[in-house]
Amino acid sequence: MDIIRLKNVKKQYKNGTTALYDINLSIAKGSFVFIIGGSGSGKSTLMKLLYREEKPTHGQIIVGGINVAKLRNSKVYKLRRNLGIVFQDYKLLPKRTVYENVAFAMEVIGATKQETRVKVLKALEIVGLKNKIHSYPDQLSGGEQQRVAIARAIVNNPKMLLCDEPTGNLDPEMSMEIMRVIEKINDEWGTTVLVVTHDERIVNALKKQVITIKDGRIVNNKEKGTYDYENA
């Protein structure tokens, strides 16, 4: 069953720049997908369309059964509850502990303290940070901070995890560790994962589905692909 479906999607900005042309794409539930492409190819725009940071100029986008293109601003929260989103720069609250940073995502949806505690500890366990619950972000390494961000993204057990350059600020060894954590979430929780990345080494090591975007168009979609952007 497809959890994400795009049909004839085009995105043109007000300045006349077209970021995406005629995108047709289906992502099956439970998939792990890398999205690769050069700078300015349109891959981050694609992600923004999926979590409704941007609206398409034309076409249909269905994410978790929700027609994103027609979603009113006041209803975006319904979409976001099905999504966990991880960025390159962590976006942690500096004056809150690891536990409080992850719990914040539960507070926003009005969860009880008991439910919050159970889910926060479960999320921190899967990312390997249960022993750091009282630490603050500035006491953590970059890799640990990204693990907290991932825990916060998955704490409400979303159907999908969207990661935009999640290892962009990390060294190669830590990058691989982070990707193994994301792979574990996909394997153990069945969460559908989409990862935008420039990291050729990670893509080649994990051998997942690879979608290549070039000049705003999908030029390759391989089930167990490698980072082969130059030949796309």
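Numbering of residues begins at 1 and proceeds along the displayed sequence.
Judged purely by atom type and a 3.5 angstrom limit, Lys55 has no side-chain atom pairing as donor or acceptor with the backbone of Arg52. Of the possible polar contacts, one joining the Gln146 side chain to the Phe87 backbone as a donor-acceptor pair under 3.5 Å is found. Between the side chain of Asp171 and the backbone N or O of Glu173 there is at least one donor-acceptor pair closer than 3.5 Å. Remark: side-chain polar atoms of Asn169 are paired, donor with acceptor, to backbone N or O of Gln88 under 3.5 angstrom. For Thr167 (side chain) and Leu170 (main-chain N/O), no donor-acceptor pair under 3.5 Å exists by modelled atom type. Of the possible donor and acceptor atoms, one in the side chain of Thr192 sits under 3.5 Å from a partner among the backbone N and O of Gly30.
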Checklist entry - Taking it one step at a time, do Arg180 and Glu188 satisfy salt bridge (charged side-chain N to carboxylate O under 4.0 Å, His left out)? => result CA-CA 12 Å; Arg180 292 298 183 193; Glu188 294 186 12; over 6 Å; no

Item to check | side-chain contact (heavy atoms from CB on, under 4.5 Å) between Val9 and His58, intermediate numbers included | outcome: CA-CA 5 Å; Val9 171; His58 176 79; over 6 Å; no

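Considering only heavy atoms from C-beta on, Lys70 comes within 4.5 Å of Asn67 through its side chain. Side chains of Pro172 and Arg201 form a contact here, defined as non-hydrogen atoms less than 4.5 Å apart. Side-chain atoms of Thr97 and Asn101, non-hydrogen and from C-beta on, never get closer than 4.5 Å to each other. Looking at Ile211 and Val33, their side chains come closer than 4.5 Å, going by heavy atoms from C-beta outward. Side-chain atoms of Val68 and Leu79, non-hydrogen and from C-beta on, do get closer than 4.5 Å to each other. At a threshold of 4.5 Å between non-hydrogen side-chain atoms, the residues Ile4 and Leu194 count as touching. Counting heavy atoms from C-beta outward, Glu100 and Ile133 have side chains that stay 4.5 Å or more apart. By the 4.5 Å heavy-atom criterion applied to side chains, Glu177 and Arg147 are counted as neighbours.
In this structure, a donor-acceptor pair under 3.5 Å is present between the side chains of Asn15 and Thr17. No hydrogens or angles considered: a donor-acceptor pair under 3.5 Å links the side chains of Gln209 and Asn221. Under the 3.5 Å distance criterion, with hydrogens and angles disregarded, no donor-acceptor pair is assigned to the side chains of Asn24 and Arg5.
Nearest approach of Gly59 to Ala69, heavy atoms of both residues: O-CB, 3.9 Å. In terms of heavy-atom proximity, Lys184 sits nearest to Ile126 at NZ-O, 3.6 Å. Heavy atoms only, all atoms of each residue included: Ile182 and Cys163 are closest at CD1-SG, 4.0 Å. Considering all non-hydrogen atoms of both residues, Met179 and Pro166 come closest at SD-CG, 4.4 Å.
Following chains of ILVMFWY side-chain contacts shorter than 4.5 Å, one can reach Ile23 starting from Leu71, so the two form part of one hydrophobic cluster. Cluster annotation: Leu25 is connected to Leu50 through the hydrophobic network of ILVMFWY side chains, with a link wherever side-chain heavy atoms come within less than 4.5 Å. In the hydrophobic clustering of this structure, Met174 groups with Val86; members are Ile, Leu, Val, Met, Phe, Trp, Tyr whose side-chain heavy atoms approach within less than 4.5 Å, directly or through other members. Note: the hydrophobic cluster containing Leu20 does not contain Ile62 (ILVMFWY, side chain heavy atoms under 4.5 Å, direct or indirect links). Taking hydrophobic clusters as Ile, Leu, Val, Met, Phe, Trp and Tyr residues chained together by side-chain heavy-atom distances below 4.5 Å, Leu140 shares a cluster with Leu124.
For the pair Lys122 and Trp189, the distance from NZ or CZ to the six-membered ring centre is under 6.0 Å and the angle to the ring normal is within 45 degrees. By the 6.0 Å and 45° rule, Lys11 stacks over the aromatic ring of Tyr13.
Here Phe32 pairs with Phe34 under the ring pair (Phe, Tyr, Trp, His ring centres under 6.0 Å) rule; sequence neighbours left out. In this structure, the side chain to side chain contact (heavy atoms under 4.5 Å, CB included) partners of Asn82, at least two apart in sequence or on a different chain, are Ile66, Lys159, Met160.
One finds the CE atom of Met106 at 13.5 Å from the CZ atom of Arg117 (value rounded to the nearest 0.5 Å). In this structure, CD in Glu53 is found 11.0 Å from OG1 in Thr45, a value given to the nearest 0.5 Å. The distance from the OG atom of Ser31 to the NZ atom of Lys29 is 11.5 Å, given to the nearest 0.5 Å. In this structure, the separation between OG1 on Thr191 and CG on Asn186 is 7.0 Å, given to the nearest 0.5 Å. Distance check, rounded to the nearest 0.5 Å: CG of Asp22 to NZ of Lys7 gives 11.0 Å. Interatomic distance, NZ of Lys113 versus OG1 of Thr116, reported as 9.5 Å (0.5 Å rounding).
Salt-bridge formation is not detected for the pair Lys208/Glu223: no Lys NZ or Arg NE/NH1/NH2 atom is positioned less than 4.0 Å from an Asp or Glu carboxylate oxygen.
Of the options Ile36, Ile35, Val210, a side chain to side chain contact (heavy atoms under 4.5 Å, CB included) to Thr197 is made by Ile36 and by none of the others.
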